[in-house]
Amino acid sequence: FCFVLFCLRGKMIEPSSDLQMSFELKDVKGKDTLSKSDPFIVAYIKQSGGVYNEIGRTERIKDSNSCKFTTKMNVAYFFEREQLLKFDVYDSDAEGERDLGKHDFIGRAEVRLGEIVGVHQGIFTGILTKDSSSKKKKGTIVVSVEEDRHSRGDVSCRFSGIKLDKKDTFGKSDPYFIIYRRSAVRMDWEEVFRSKVIKHTLNPVWEPFQMSVASLCNGDYQRPLKIEVYDWDSASAPDLIGITETSLASLLESNAKEIELINPKKKAKKKHYKNSGRLRIDLCEVVVKPSFVDYLQAGFQMDFTVAIDFTASNGKPSLPSSLHFMNPSAPNEYIQAITAVGNIISDYDSDKWFPGFGFGLKYQSNVSFLHPLNGNMSSPFCQGTQGLVDAYRQCLYNVELWGPTNMAPLINHIAGMAKGNIGQKKYSVLLIITDGAISDLGATKKAIIRASGLPLSIVIVGVGGANFDAMDALDSDDGPLQHNGERAQRDIVQFLPFRRFAGDGAALASNVLAEVPGQFLQYFGSNNIQPHS
């Protein structure tokens, strides 16, 4: 089982889901045409650097060309990453032999995990071939994925403290608590939650909090948890009040119960030491809600639209210094961003026809902030990610870079398209790639606020080395976007500069798309739209 965590602005990013894979083979054609095969499957996942790591192997099934395997394999699914899987099928020649060279290779199938979850709705049927260039069919593999139900749901808690130790000489304590979970790899403690400080009290009542079961314990209800209660101090390091060790299973059984907080140093010094106060579990419950995978496997899909900045500040396309320069040996930042993000989103759109637009350009003497890349406003669709790239290249020859950098017309248009998806199993993602400051910031904020109630996420990638402070203002992670008394219903914007990732398109996509599943769930959840409604 391969489990990986990524970081976004200092926060750990958990998998969208932990999945379990099941396997079936049909009509396998082994080396010996006169007898049936003894097949088994080896599954791999591609890591950064192009190396494939083995996930696991199925059991061997004797004398069968069509069979279902009992072995299941777990894999951590990240929506925001391109996760390529490879399945190699062998005819076993020696039971228990680990060296694959001692067995006969039958065939291989490859697929992205996002494709299985997305357009294939949880069941992938692939053709086995000797290699990618071979057309000779060696059988069929069926891979089914199912979500690990143990890690589903959100934990809702409310804690309070009772008669905590007084740590301040001239006043009461300022208590807060931290929850840790035991690391499955290093066997140390990982922080998963920190409460706010409650000032001047020995009997604090902390705000209720909620986090996913995956974030708290990765679905293991018996996984050790540690809760430390501290006294906050503005002028020095915090003072430990007390510690307790528990688990999610124990917390769920501790509703309306009190747990002793122990200070190890005080316990070692005092003969009749009892505790340093008590932690009361006022509420602890697991609320199971539909997951991102539930919606995808119910047939929900994503529409993808790309918008490209054609303002003059990009530089003349024929010059190597231009952000639009077409270097034959290396794609420019616009193409890299389109490809990195588009290759992931395309796994969740069955027809893979994507609208593409340019803004801040002049076409036939008219300035446009909504120009179709393919030149066809009535049908601005491009076939796949490569189709978007090809249309962008062609558009550069047909338009003049102009300005200003107005985004509101574009966002309002895409919001209108998203509004048309209400009541359907669709969610829209708009990728805007730009080189600098927004000229119509107020109008853009207004457009985003009005779009915040629609099935839409906006991903903005900044290319070049300009100042992107205004873009950060649109990415309202610290609270809902506001403008002239209007307030966004939810955060739908994520902005990141391309060069922060040193040209690593995969890292860009991983970070810039990480919030989309949560925004997706927030929209459908707040509108009470269930996967199978």
Side-chain angles (χ1 to χ4, degrees), residues 6-10 48 80 306-344 356-362 367 369 371 373 385 388-389 392-393 395-397 399-408 410-411 429-445 448 458-478 481 493-515:
F6 296 90
C7 289
L8 175 64
R9 296 185 179 181
S48 57
E80 66 275 10
V306 170
I308 296 175
D309 185 335
F310 281 87
T311 56
S313 56
N314 282 276
K316 193 173 181 180
S318 60
L319 299 176
S321 59
S322 172
L323 292 169
H324 284 304
F325 180 68
M326 294 296 169
N327 186 335
S329 62
N332 65 33
E333 292 181 14
Y334 282 97
I335 292 176
Q336 291 181 64
I338 293 170
T339 303
V341 176
N343 283 348
I344 290 173
F357 298 96
F359 61 93
L361 56 84
K362 182 181 277 191
V367 177
F369 302 101
H371 180 80
L373 295 180
T385 303
L388 285 167
V389 171
Y392 157 60
R393 289 177 182 270
C395 188
L396 276 174
Y397 295 106
V399 303
E400 187 177 355
L401 304 192
W402 206 254
T405 310
N406 290 353
M407 292 187 184
L410 166 74
I411 293 173
V429 177
L430 167 63
L431 169 64
I432 301 175
I433 314 173
T434 182
D435 80 320
I438 305 173
S439 304
D440 63 341
L441 183 59
T444 296
K445 286 183 176 181
I448 291 170
I458 301 173
V459 172
I460 305 176
V461 174
V463 295
N467 187 323
F468 293 111
D469 288 347
M471 300 298 182
D472 282 320
L474 301 179
D475 186 355
S476 48
D477 285 334
D478 298 328
L481 182 65
V493 177
Q494 174 74 353
F495 165 76
L496 285 172
F498 183 88
R499 293 188 179 179
R500 179 183 296 177
F501 304 95
D504 186 343
L508 168 74
S510 177
N511 281 266
V512 83
L513 291 173
E515 294 183 6

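Atom set for the values below is all heavy atoms of this structure, side chains included, hydrogens, waters and symmetry mates excluded. All figures in this text were calculated on a predicted structure; none of them were measured in a lab. Count residues from 1 along the sequence.
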Handout entry: Euclidean distance, Phe359 CZ relative to Ile433 CD1, rounded to 0.5 Å
Key = 9.0 Å
Handout entry: Candidates Asn314, Thr339, Thr434 - the one meeting side-chain hydrogen bond (donor to acceptor under 3.5 Å, both in side chains) with Tyr334
Key = Asn314
Handout entry: For the student: nearest non-hydrogen atoms of Phe498 and Val461, plus distance
Key = CB-CG1, 3.9 Å
Problem - Sidechain-backbone polar pair: Gln494 side chain, Leu513 backbone, donor-acceptor under 3.5 Å - result: no
Practice task
Using modelled atom types only, decide if a donor and an acceptor are shared between the side chain of Asp435 and the backbone of Gly464 within a distance under 3.5 Å.
Solution key: no
Fill in the blank from the handout: Note: Ser439 and Pro404 closest approach over all heavy atoms is OG-CB, 3.2 Å
Handout entry: Contact summary for Pro317 and Leu396, nearest pair of heavy atoms
Key = CG-CD2, 4.1 Å
Handout entry: Shortest non-hydrogen contact from Ala307 toward Leu430
Key = CB-CD1, 4.3 Å
Fill in the blank from the handout: Taking every heavy atom of Gly436 against every heavy atom of Ala466, the minimum-distance pair comes out as CA-CB, 4.0 Å
Problem - Flag, side chain of Thr311 to backbone of Gly403, donor-acceptor distance under 3.5 Å - result: no
Handout entry: Student check: side-chain heavy atoms of Cys395 and Phe310 closer than 4.5 Å
Key = yes
Completion exercise
Looking only at heavy atoms, the pair that brings Leu441 and Ile438 closest together is N-CG2, 3.8 Å
Problem - Point-to-point distance, once rounded to the nearest 0.5 Å, from CD1 of Ile338 to CG of Leu373 - result: 7.5 Å
Problem - Gap separating the CZ atom of Arg499 from the CG atom of Leu508, nearest 0.5 angstrom - result: 13.0 Å
Problem - Pairwise distance CD1(Ile411) to CD1(Ile432) - rounded to 0.5 angstrom - result: 4.5 Å
Practice task
Could you go through the side chain to side chain contact (heavy atoms under 4.5 Å, CB included) check for Phe495 and Asp472 one step at a time?
Solution key: CA-CA 7 Å; Phe495 165 76; Asp472 282 320; 3.6 Å; yes
Exercise for the section: Take Val306 and Phe357 through the side chain to side chain contact (heavy atoms under 4.5 Å, CB included) test and state the conclusion after the steps. Expected result: CA-CA 6 Å; Val306 170; Phe357 298 96; over 6 Å; no
Problem - Distance in Å, Asn332 CG paired with Ile335 CD1, rounded so as to fall on 0.5 Å steps - result: 4.5 Å
Exercise for the section: Check the pair Leu474 / Lys445 against side chain to side chain contact (heavy atoms under 4.5 Å, CB included), numbers first and verdict last. Expected result: CA-CA 7 Å; Leu474 301 179; Lys445 286 183 176 181; 3.7 Å; yes
Handout entry: Donor-acceptor side-chain pairing of Asp440 and Thr444 below 3.5 angstrom
Key = yes
Exercise for the section: Begin with the C-alpha distance, continue with both residues' side-chain angles, and end with the deciding distance and a verdict on side chain to side chain contact (heavy atoms under 4.5 Å, CB included) for Leu410 and Phe369. Expected result: CA-CA 6 Å; Leu410 166 74; Phe369 302 101; 6.0 Å; no
Exercise for the section: Please name the residue in the list Lys362, His324, Lys316 that meets the side chain to side chain contact (heavy atoms under 4.5 Å, CB included) test with Leu401. Expected result: His324
Practice task
Enter the distance from Ile460:CD1 to Leu431:CG here, rounded to the nearest 0.5 Å.
Solution key: 9.5 Å
